[in-house]
Amino acid sequence: MWDEQTKAIRRMSTAEVFAPERAYGWEFYQRPTVEVAWGLLGAVLVKREPEGLCAARLVELEAYLPDGDAANHAARGWSERTAPMFAAGGILYVYAIYGRHRCVNVVTEPEGRPGAVLLRAAEVLHGEELMRRRRGEVQWEALCRGPANLARAFGFELSDNFRSVCSAELFIVPPPEPIAPEAVRRTPRIGISRARELPLRFVLWQSRCRSR
DNA sequence: GCAAGGATCTAA
DNA sequence: TAGATCCTTGCC
């Protein structure tokens with residue numbers, strides 16, 4: 001069940017898809033969170049490290065807004081944990097949840113406005129072997145399915161807080177072609193108790209890597 | 001269906 | 001400083 005864009009992107013060469021010069025810059029992230037979320041859907045997260053290159057196409061995201069969003073960790077103001085969200089967009093906010101897990105967000109909006117986009121699922125394009133070393137023997141579809149699984153496959157840790165997503169080692173490349181709005185389904189966010197009604201989860205519905 | 005388990009927040 | 005909470009996962 002491949003959609004056309006997934007097929008297209010898998011045909012492209014490593015150099016075409018994973019070039020840092022094609023990546024989003026600071027100005028992209030320092031905009032309203034929902035706009036950034038739209039721009040990140042179908043985009044490719046790339047992480048270069050000594051052990052190898054990891055790349056995956058983002059297919060499921062959640063927006064956490066700076067205003068009127070009780071589910072945002074930063075809704076009750078600044079804290080040590082949420083400090084990255086108050087910085088200018090274009091860095092990571094990583095937090096621990098339920099003991100063993102990590103969740104990775106891309107910080108949005110200008111400095112002082114705590115917005116973020118949670119990375120919930122992605123289709124692996126490169127680095128499958130390295131990800132399996134971290135995740136164990138799971139199917140390709142499941143490598144980056146679910147926020148904590150994505151974080152683990154990419155090797156993100158709490159120490160990656162404040163890390164730039166506009167560097168040569170970590171960046172996000174826009175989709176080769178615009179995402180058709182009808183390919184996207186918006187739903188309430190997963191696992192939250194407050195602000196359940198807001199349709200801030202964005203899913204490329206055809207993807208076999210979206211969470212269930 | 002629910003336990004595991006760590007960091008953080010809140011109330012005291 | 002104790003107790004609750006939490007943007008989850010995988011095993012029962």
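Given the structure is predicted, the values throughout are model-derived calculations rather than measurements. Within every chain, numbering begins at 1; the chains are lettered A, B, ... in the order of the sequence lines, protein sequences first and strands thereafter.
- No engagement by A:R196 is indicated, since no non-hydrogen atom pair under 4.0 Å with the nucleic acid exists.
- Residue A:R194 is in sugar-phosphate contact alone, with no base atom involved, counting any heavy-atom pair closer than 4.0 Å across all strands shown.
- Residue whose closest nucleotide on DNA chain C sits further toward the 5' end, between A:S193 and A:P147: A:S193.
- Residues from residues 94-112 of chain A that place a heavy atom under 4.0 Å from any atom of DNA chain B, listed by number: A:A96, A:I97, A:Y98, A:G99, A:R100.
- One atom, CZ of A:R210, and another, P of C:dT8, lie 17 Å apart when rounded to the nearest Å.
- For A:E109 and A:R31, the salt-bridge test fails: no basic side-chain N is under 4.0 Å from an acidic carboxylate O.
- Under a 4.0 Å N-O distance rule, the pair A:D160/A:K47 does not qualify as a salt bridge.
- Among the atoms of the strands shown, base atoms are found under 4.0 Å from some heavy atom of A:A71.
- Atom P of nucleotide B:dT8 and atom CE of A:M85 are separated by 15 Å, given to the nearest angstrom.
- Side-chain atoms of A:R145 and A:S211 include no donor-acceptor pair closer than 3.5 Å.
- Taking atom CZ of A:R152 as the reference point, atom P of C:dG10 lies 8 Å away to the nearest angstrom.
- Under the Watson-Crick or G-U wobble criterion, with both distances below 3.5 Å, B:dA11 is paired with C:dT1.
- Although no hydrogens or angles enter the test, the distance criterion places a donor-acceptor pair under 3.5 Å between the side chain of A:R189 and the main chain of A:A63.
- The interatomic distance linking A:Q139 (CD) with C:dG10 (P) rounds to 13 Å, in whole Å.
- With rounding to whole Å, A:R212 atom CZ is found 11 Å from C:dT9 atom C1'.
- The separation between A:R145 atom CZ and C:dT9 atom P is 10 Å, rounded to whole Å.
- Linking Ile, Leu, Val, Met, Phe, Trp and Tyr whenever their side-chain heavy atoms come within less than 4.5 Å puts A:V106 and A:V59 in one cluster.
- Under the 3.5 Å distance criterion, the side-chain polar atoms of A:R134 are left unmatched by any main-chain donor or acceptor of A:L130.
- Pair assignment for C:dC7 gives none, since no Watson-Crick or G-U wobble pairing has each distance under 3.5 Å.
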Test ring-ring contact (aromatic ring centres under 6.0 Å, His included) on A:Y95 and A:H73 and set out the steps. CA-CA 10 Å; A:Y95 64 89; A:H73 283 170; 4.6 Å; yes

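- Nucleotide C:dA4 holds its C1' atom 13 Å from the CZ atom of A:R81, rounded to whole Å.
- Atom C1' of nucleotide C:dT9 and atom CZ of A:R135 are separated by 9 Å, given to the nearest angstrom.
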